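Heads up, the thing below is written out as structure tokens.
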There are 2 protein chains.
Amino acid sequence: MLHIVPEIDTSEALTERQKAVLDAALRLLVEEGDQLTMTAVARRASCSKETLYKWFGDRDGLLTATVQWQASKVRVAQVDGKGLDLASLTTSLERFASDWLKVISSDTSIALNRVAVSHAGSGKDNLGAVVLENGRFALATRLKPVLEAGRQAGLLDFSDAETAFRTFFGLVARDVQIRLLLGDRLELTEAAIGGDAARATQQFLALFKSNNRPQGL
Amino acid sequence: MLHIVPEIDTSEALTERQKAVLDAALRLLVEEGDQLTMTAVARRASCSKETLYKWFGDRDGLLTATVQWQASKVRVAQVDGKGLDLASLTTSLERFASDWLKVISSDTSIALNRVAVSHAGSGKDNLGAVVLENGRFALATRLKPVLEAGRQAGLLDFSDAETAFRTFFGLVARDVQIRLLLGDRLELTEAAIGGDAARATQQFLALFKSNNRPQGL
DNA sequence: AGCGAGCCGTACCGTACGTTACGGTTCGCC
DNA sequence: GGCGAACCGTAACGTACGGTACGGCTCGCT
């Protein structure tokens, strides 16, 4: 039987009750891991399974809606890139790095990425795309204008913003996300995150500062 | 019912037939993604389910054995660190980077990491630990002596080999693995891998070469 | 040849879960 | 008050799959 899912495709036409249901599903996902059964969601959200199916079509629809719902809530801070000097660029980069580390080490992000990775192995890949779109790609969209502004201000030197971003991404994230996804304990304290963000930023600046560019790149 | 798995714990007491079965399971894992049912493995390996249960205890045991079996086959090249000069250090690092990119972008690695990530969400975490142990941690074990040798030879300057390794790891892998796990198309040609390996190596050297160390680190 | 161990193929069981169906209740609206 | 839509709770159905049982075959050993 084919289902036409009503208004949950990409827009945000969610009633408060529906948001509450998705929040319950999200909590269940974070706490119970893979035990996200329709029965469990219905019980947790105090709603009927019939309602779940009417609203979200099938289990996949519920999963997708849940991921999109959480993704729509995670927004990395927008940064203004006007009148940039080195100090403000540094703090901007540190802030991005710190925010990103906090996001990827949060229980919610881990649970969401887990389910998206699992889902990517089986046929349709929408979940992975949604997670990437609202995570890594959203970060790139926010960060690139900062990098471009830094280049315009003569502070940074790079040929391709995407490449520069990916280097920054690698310096910040390193092996953190994959280790967390694979179940490695690796608690990141607030202080450690701050230190990592500062280190990554300094390394990035060392590689891309226009007056200190290493030869051979 | 409790099962005592015979001799499949950590050692390598596998008969040829058992290896063939695990190879079949591995192929199934890579090709079919999540459809790794006991029935499918038995059919693919032309063996009986009874044999699977006798050899591997239960589904988890089969999964673990499959992951360990593949992990035992992936060995990053050991590099000798004696009599190091900058050129040979550079080629060593490039080779490590290139090998690692090839590994994490292979279908087998993606499938294995997917199943391990899925598994990590549900209770026991052995699979994730096995993958990490034979992947990221094995790489660190192989690479650190090279870094140490580079430091002994006065070519590199760092205080902690682990930190230096993690930076190298980040510069090499960047966002590749998470994007692949999430189903992002991102084909890495041989040439692209070579270029990435060279770039990562140059960036790493720029950050850690002893005579060109950026201030503030 | 006779025997037993190991394994293949397959049928079978139990259960978990996705999905559907339905009676009862709440609530907005006329 | 009366009506209908939406929804809750729960029972029921179908199926897929993990796990078990069993008959038959091969093969090495004596």
Side-chain angles (χ1 to χ4, degrees), chain A residues 1-8 13-25 28-29 31-67 114-115 118-119 121-124 126-127, chain B residues 1-8 13-25 28-29 31-67 114-115 118-119 121-124 126-127:
Chain A
M1 174 103 188
L2 245 168
H3 280 278
I4 304 297
V5 183
E7 75 225 305
I8 312 291
L14 293 175
T15 69
E16 289 308 313
R17 181 75 180 112
Q18 286 172 330
K19 293 180 187 175
V21 169
L22 293 182
D23 274 328
L28 206 58
L29 202 61
E31 296 170 16
E32 304 297 327
D34 63 334
Q35 293 302 89
L36 194 79
T37 71
M38 301 300 278
T39 305
V41 173
R43 189 169 43 228
R44 185 63 159 268
S46 295
C47 74
S48 73
K49 296 212 272 182
E50 185 183 18
T51 301
L52 292 183
Y53 282 99
K54 182 175 297 183
W55 284 349
F56 307 108
D58 58 3
R59 188 171 183 276
D60 242 47
L62 173 61
L63 225 54
T64 305
T66 304
V67 171
R114 285 227 179 101
V115 63
S118 310
H119 196 84
S122 57
K124 318 174 286 295
N126 13 18
L127 281 194
Chain B
M1 176 101 189
L2 246 170
H3 280 278
I4 304 296
V5 184
E7 74 225 308
I8 312 291
L14 293 175
T15 69
E16 290 308 312
R17 181 76 181 112
Q18 287 171 330
K19 293 179 186 174
V21 169
L22 293 182
D23 274 327
L28 206 59
L29 201 63
E31 295 170 17
E32 303 297 327
D34 62 337
Q35 293 302 90
L36 194 79
T37 71
M38 300 300 278
T39 305
V41 172
R43 189 170 42 228
R44 186 62 160 269
S46 295
C47 74
S48 72
K49 296 211 297 183
E50 186 184 17
T51 301
L52 292 183
Y53 283 99
K54 183 175 296 183
W55 284 350
F56 307 107
D58 58 2
R59 187 171 183 276
D60 245 46
L62 173 61
L63 227 53
T64 305
T66 304
V67 171
R114 284 226 180 100
V115 64
S118 309
H119 197 84
S122 57
K124 316 175 286 295
N126 13 17
L127 281 193

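Reminder, nothing fancy here: chain letters follow the sequence lines and each chain counts from 1. Keep in mind that this is a model prediction, so the values were computed, not measured.
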Worksheet item: Are any non-hydrogen side-chain atoms of A:Leu36 and A:Val115 less than 4.5 angstrom apart?
Response: no

Worksheet entry | B:Glu50 CD - D:dG24 C1' separation (whole Å) | 12 Å

Worksheet item: So, are A:Glu32 and A:Arg44 salt-bridged, with charged N and O less than 4.0 Å apart?
Response: no

Practice prompt. Check DNA chain D against residues 40-47 of chain A and give the residues with a non-hydrogen atom under 4.0 Å, in numerical order.
Written response: A:Ser46, A:Cys47

Discussion item. How many whole angstroms separate atom CG of A:Leu28 from atom P of C:dC17?
Written reply: 12 Å

Discussion item. Just so I know, are the side chains of A:Thr66 and A:Phe56 near enough to count as touching, which here means a heavy-atom distance under 4.5 Å?
Written reply: no

Discussion item. Rounded to whole Å, please give me the gap between CG in A:Leu52 and C1' in C:dC17.
Written reply: 14 Å

Worksheet item: Any side-chain N or O of B:Ser48 under 4.0 Å from OP1/OP2 of C:dC7?
Response: no

Worksheet item: To the nearest Å, how far apart are B:Tyr53 OH and D:dC22 C1'?
Response: 17 Å

Worksheet entry | Whole angstrom value for the distance that separates P of C:dC17 from CG of A:Asp60 | 17 Å

Worksheet item: Excluding sequence neighbours, so at least two apart, what forms side-chain contact (heavy atoms from CB on, under 4.5 Å) with A:Arg17?
Response: A:Thr15, A:Ala20, A:Val21, A:Cys47, A:Trp55

Distances for protein N or O near nucleotides 11-17 of chain D N or O, under 3.5 Å:
none

Worksheet item: Starting at NZ of A:Lys54 and ending at C1' of C:dG18, how long is that distance when rounded to a whole Å?
Response: 18 Å

Worksheet item: Quick one: is D:dC8 close enough that its OP1 or OP2 comes under 4.0 Å of any side-chain N or O from A:Arg17?
Response: yes

Worksheet item: Does B:Leu52 reach the side chain of B:Arg59, with side-chain heavy atoms less than 4.5 Å apart?
Response: no

Item to complete: Please report the closest heavy-atom contact between B:Val41 and B:Leu28, naming both atoms and the distance.
Response: N-CD2, 3.7 Å

Item to complete: Would you name the heavy atoms of A:Ser48 and A:Ala42 that are closest together and state the gap between them?
Response: C-CB, 4.2 Å

Worksheet item: OP1 or OP2 of C:dC7 less than 4.0 angstrom from a side-chain nitrogen or oxygen of B:Trp55, does that happen here?
Response: yes

Practice prompt. Please report the closest heavy-atom contact between A:Leu127 and A:Thr64, naming both atoms and the distance.
Written response: CD2-CA, 3.5 Å

Fill in: Side-chain touch B:Asp60/B:His119, heavy atoms, less than 4.5 angstrom
yes

